There are 2 protein chains.
Amino acid sequence: MLNDLDERIVHALAEDARRSYADIGQLVGLSAPAVKRRVDRLRATGAITGFTVRVDPAALGWETEGFVEIHCRRNTSPETIQRGLERYQEVVAASTVTGDADAIAQVFASDMRHFERVLERIAGEPFVERTKSVLVLSPLLRRFSSGSPT
Amino acid sequence: MLNDLDERIVHALAEDARRSYADIGQLVGLSAPAVKRRVDRLRATGAITGFTVRVDPAALGWETEGFVEIHCRRNTSPETIQRGLERYQEVVAASTVTGDADAIAQVFASDMRHFERVLERIAGEPFVERTKSVLVLSPLLRRFSSGSPT
DNA sequence: AGTGAAAGGGCCACGAG
DNA sequence: CTCGTGGCCCTTTCACT
């Protein structure tokens, strides 16, 4: 688990991951090497899994966003779903969930036609029985990033 | 809009935002200053909104994740929903959507009891009529981060 | 955890295509 | 207008205290 110092370091990195160790050190009251040692340890233990860029999807031409509930055939393993979905660049996040659906995938596409095409291809996957999707009208809130890169 | 070079630079930064400009340059066939100039321009135009750390929620003690569909009372504006939800640290993302629900919020909590408490508080908001939530069983995939910091 | 020195990256001004 | 080069300075990183 993390102590207070680690948490403040992570918070500083969440705001700007390219901030220098000296800067962070001044913020939390540590020297630059001390901060680096803690960050290295956080990476080693898996608390920090990496550093990434924060992107404006619209500016990149990804204007259409949606969530796709995926209903799978019986006896589909999470690994099968993962391998099936990670091949789509448009799928930026996916999880297995409780409730009616088996998994939810978050999809970014350039426009409606693109979104529809991706949806059709996912629905055509052998492990997929049916899908139900909702489109995002407007993003209200986005905080930080979680998980590991693929 | 972005050309091929910019897209490859963003991709490289998505994998590791602390990678050096020289490294990225080697990857895309440019010199370090050329890469920096392009990154600066991408930040200026808003395509890149920042750099952040990728965190393992479980390692930080956020073991319980879920999506909350929110059904609002009639005539609730997106701004009202945003202002209502941004006060919850546990809500890491939210959007208005098409379909049955009016909005979907992504929630991280330390455990089930915490999740339930947040859910009850959200359900108690004056603009909320009812909620329906699904719990994440296992994250399968997470790609990059989008949007602006709060 | 802090200090100092060596290596490497960021960043600016300039010249070339 | 965009890229590459060279040089300075700050940051990272390591051994040592």
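Reminder, nothing fancy here: chain letters follow the sequence lines and each chain counts from 1. Keep in mind that what you see is a predicted model, and the values were worked out from it rather than measured.
In this structure, the side chains of B/Val92 and B/Trp62 stay at 4.5 Å or more apart for every pair of heavy atoms.
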Return a table of donor-acceptor pairs under 3.5 angstrom between the side chains of residues 23-37 of chain B and protein atoms on other chains or two or more places apart.
unit_1, atom_1, unit_2, atom_2, d
B/Lys36, NZ, B/Asp40, OD1, 3.3
B/Lys36, NZ, B/Asp40, OD2, 2.3

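A heavy-atom distance below 4.0 Å to DNA chain C is reached by these residues of residues 29-39 of chain B, ordered by number: B/Pro33, B/Lys36.
Shown here are the side-chain hydrogen bond (donor to acceptor under 3.5 Å, both in side chains) partners of A/Thr76, two or more places apart in sequence or in another chain: there are none. Evaluation of the side-chain hydrogen bond (donor to acceptor under 3.5 Å, both in side chains) rule for B/Thr131 yields no partner, not counting sequence neighbours. Scanning for side-chain hydrogen bond (donor to acceptor under 3.5 Å, both in side chains) contacts around A/Thr80 gives A/Ser77, with sequence neighbours left out. Every residue two or more places apart in sequence or in another chain was checked for a salt bridge (Lys or Arg N to Asp or Glu O under 4.0 Å) with A/Arg18, and none qualifies. Applying the side-chain hydrogen bond (donor to acceptor under 3.5 Å, both in side chains) criterion to A/Thr98, with sequence neighbours excluded, gives no partner residue.
In this structure, A/Val97 shares a hydrophobic cluster with A/Phe67, A/Ile104, A/Val134, A/Val136, B/Phe67, B/Val97, B/Ile104, B/Val134, B/Val136, the cluster being traced through Ile, Leu, Val, Met, Phe, Trp and Tyr side chains under 4.5 angstrom apart.
Spacing between atom CZ of A/Phe51 and atom C1' of D/dT12 amounts to 13 Å, rounded to whole angstrom units. Summarising the geometry, the separation between CG on A/Asp40 and P on D/dC14 is reported as 8 Å, rounded to the nearest angstrom.
Sorted by first then second residue, the side-chain hydrogen bond (donor to acceptor under 3.5 Å, both in side chains) pairs that include residues 112-126 of chain B, not counting sequence neighbours, are B/Arg87-B/Glu125, B/Tyr88-B/Glu125, B/Glu90-B/His114, B/Ser110-B/His114. Residue pairs satisfying the salt bridge (charged side-chain N to carboxylate O under 4.0 Å, His left out) criterion with at least one member in residues 102-111 of chain A, sequence neighbours excluded, are absent.
Along DNA chain C, the stretch of nucleotides lying under 4.0 Å from any heavy atom of chain B spans, 5' to 3', C/dG9 to C/dC12.
If one axis is set at each end of the helix from C/dA1-D/dT17 to C/dG17-D/dC1 from five pairs, those axes are 30° apart, to 10°.
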